[in-house]
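What you see below is based on every heavy atom in this structure, not just the backbone, and it leaves out hydrogens, waters and symmetry mates. Here is how names work: the chains are called A, B, and so on, in the same order as the sequence lines, proteins then strands, and each is numbered from 1. Just so it is clear, the model here is predicted, and its values are computed rather than measured.
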2 protein chains.
Amino acid sequence: MNSLIEENYLKALFNMANEAGEVNVTELSRRLEIKMPTVTSMMKKLSDKKLVLYESYKPLRLSEKGKKEAGLIIRKHRLTEMFLVEKMHLGWEDVHDIAEQIEHIQSPVFFEKMDELLGYPKVDPHGSPIPDKSGKIVWKEYNKLSDCREGETAKLAAVINTSSDFLKFLNGREMRLGVKIKIRSIEPFDKSMVVSYGKRQAEVLSNVVCERILVEKEG
Amino acid sequence: MNSLIEENYLKALFNMANEAGEVNVTELSRRLEIKMPTVTSMMKKLSDKKLVLYESYKPLRLSEKGKKEAGLIIRKHRLTEMFLVEKMHLGWEDVHDIAEQIEHIQSPVFFEKMDELLGYPKVDPHGSPIPDKSGKIVWKEYNKLSDCREGETAKLAAVINTSSDFLKFLNGREMRLGVKIKIRSIEPFDKSMVVSYGKRQAEVLSNVVCERILVEKEG
DNA sequence: TAATTTTGTTAGATTAATCTAACTTATTAT
DNA sequence: ATAATAAGTTAGATTAATCTAACAAAATTA
């Protein structure tokens with residue numbers, strides 16, 4: 001059994017590998033807000049437990065075992081987020097911190113029940129995929145809204161940034177997963193977009209926002 | 001903020017005081033399966049934090065502050081148990097271990113939402129009272145089934161022992177909170193009872209069982 | 001390529017929670 | 001009332017996770 005702290009290292013390694021590719025000690029240290037020597041010694045410990053493939057001065061990698069365990073923690077995290085939104089009526093901007101704690105609960109039945117009550121969901125409330133029971137995760141190939149062209153229509157499929165601030169920004173504009181967005185125009189200077197969706201006819205979105213929205217192009 | 005470990009000491013002190021009155025180091029040590037010197041040093045620490053009133057060689061007592069914090073943890077535990085049974089359809093024999101972990105989650109909204117979805121319940125699935133938002137707990141005056149007399153009718157209000165084994169024993173006999181039990185006869189030798197309830201006409205319950213069942217007498 | 005900066009490691013200290021062994025105080029039994 | 005037993009404390013060691021300070025390796029820049 002791994003400690004809660006070890007679980008947090010595994011999860012961070014897994015998420016960072018999915019975001020950036022190569023992970024090093026400095027980045028992991030920054031992400032976890034834990035000093036580098038502590039990270040180094042934890043990497044050695046996780047290496048002894050065959051969860052991490054560690055070599056001095058080399059990038060950090062999870063072993064297959066480590067990937068599986070990390071995937072299962074993220075599965076619990078995302079199932080929880082889905083449960084909190086769907087069954088407990090919390091907002092998608094409020095569930096992260098709670099899921100961050102509940103993901104460490106040790107109880108297969110508890111999470112199986114969640115999964116069942118939710119109807120075996122494939123994604124969480126932010127559109128991120130839920131790893132399967134073997135910890136495997138499949139990312140659908142989405143496009144950034146910022147990579148779409150004028151005239152195109154696309155469905156909001158996921159958000160990259162899940163900070164409460166960004167999600168509240170989207171709430172304030174009635175933007176949620178599933179809305180169909182039509183790109184009216186793109187400002188060449190700053191790449192901001194004028195889009196329409198739902199009842200909104202001409203909403204301006206900055207490039208910073210468009211880069212954090214993932215969409216599925218229509219037709 | 002208290003650590004998860006400190007919370008477990010507070011909760012044990014609170015529960016033991018409700019069961020037995022005076023609590024000493026030996027008992028607390030046994031309950032938590034932690035050696036006595038460790039318990040002593042934790043008592044000193046909790047005393048420094050004004051949660052426990054500690055004097056060498058004297059019985060252990062929670063301060064008002066300690067009682068409140070313990071009550072709030074037990075509130076979270078019992079709300080969780082109720083939620084798991086009512087909203088997630090788990091059996092009353094399966095919820096303790098999960099609640100034991102979820103009671104440490106730090107998130108007022110999460111537990112407020114539970115409370116709201118459950119309709120502000122006053123008792124948990126085992127009939128134990130749920131402390132209010134200030135951590136206060138009110139025990140109703142129930143009778144042990146073993147203290148009832150022949151011919152009396154009483155409603156199953158709570159169970160004292162919440163071990164999975166005992167609860168499965170009750171499940172197997174269709175005994176649940178709320179069932180109206182009529183005492184047909186009492187065997188003088190071993191104090192076992194023959195009772196009827198629901199569709200069961202002559203169920204034999206040993207004194208060990210009857211002592212662990214709390215009832216509310218009818219009329 | 002040599003100097004400088006960044007990244008990573010080693011060594012050793014610290015804290016919280018635990019333990020065992022030895023000792024002290026309180027209670028019980030003779 | 002004294003001896004024996006039980007309960008509680010003190011002292012000191014251990015483990016996991018953290019830190020700072022000092023050093024070493026790798027990468028970048030001049």
Atom CG of B:L60 and atom P of D:dG8: how far apart are they, to the nearest Å? 8 Å

Nearest-Å distance for atom pair CD/P, residues A:E27 and C:dT6: 16 Å

Integer-rounded Å distance: C:dA16 C1' and B:L46 CG: 12 Å

Write out a two-atom table: protein N or O, nucleotide N or O from nucleotides 20-25 of chain D, distance below 3.5 Å.
residue	atom	partner	partner atom	Å
D:dA25	O4'	A:Y57	OH	3.3

Heavy-atom nearest nucleotide on DNA chain D taken for A:S56 and for A:I5; more 5' hit belongs to A:I5

If the threshold is 4.0 Å, N to carboxylate O, is there a salt bridge linking A:E6 and A:K11? no

Do NZ/NE/NH1/NH2 and the carboxylate oxygens of B:E64 and B:K50 come within less than 4.0 Å? no

Please state how far atom CD in B:E22 lies from atom P in D:dA7, giving the value in whole angstrom units. 14 Å

Quick test of your reading of the model: are B:E152 and B:R149 salt-bridged, counting only N-O distances below 4.0 Å? yes

If I take atom NZ in residue B:K44 and atom C1' in nucleotide C:dA16, what distance separates them, rounded to the nearest angstrom? 16 Å

Is there a salt bridge (charged side-chain N to carboxylate O under 4.0 Å, His left out) between A:K140 and A:E216 once you walk through the steps? CA-CA 9 Å; A:K140 263 202 173 180; A:E216 207 164 2; 3.5 Å; yes

Rounded to whole Å, CG of B:N24 lies from C1' of C:dT27 at a distance of 12 Å

CD of B:E55 versus P of D:dT9: gap in Å, rounded? 11 Å

Please confirm whether the shortest side-chain N or O distance from B:T26 to OP1 or OP2 of D:dG8 is below 4.0 Å. yes

Testing C:dT18, D:dT18, C:dG8 for proximity to the side chain of A:M42, the answer is D:dT18

Where the side chain of A:V25 is defined as all heavy atoms beyond and including C-beta, which of C:dT9, C:dT18, D:dT9 is the nearest nucleotide? C:dT9

Quickly work out the B:Y54 OH to D:dG8 C1' distance and round it to whole Å. 7 Å

With a 6.0 Å cut-off on ring centres, are A:H126 and A:H96 close enough? no

Determine the minimum heavy-atom distance between A:G127 and A:Y142, stating which atoms define it. O-CE1, 4.4 Å

What does B:S3 touch in the nucleic acid at a heavy-atom separation under 4.0 angstrom: a base, only the sugar-phosphate, or nothing? sugar-phosphate

Between A:E22 and A:R61, is there a side-chain N and carboxylate O pair less than 4.0 Å apart? no

Looking at D:dG8, D:dT18, C:dT18, which one has an atom nearest to any side-chain atom of B:I34? C:dT18

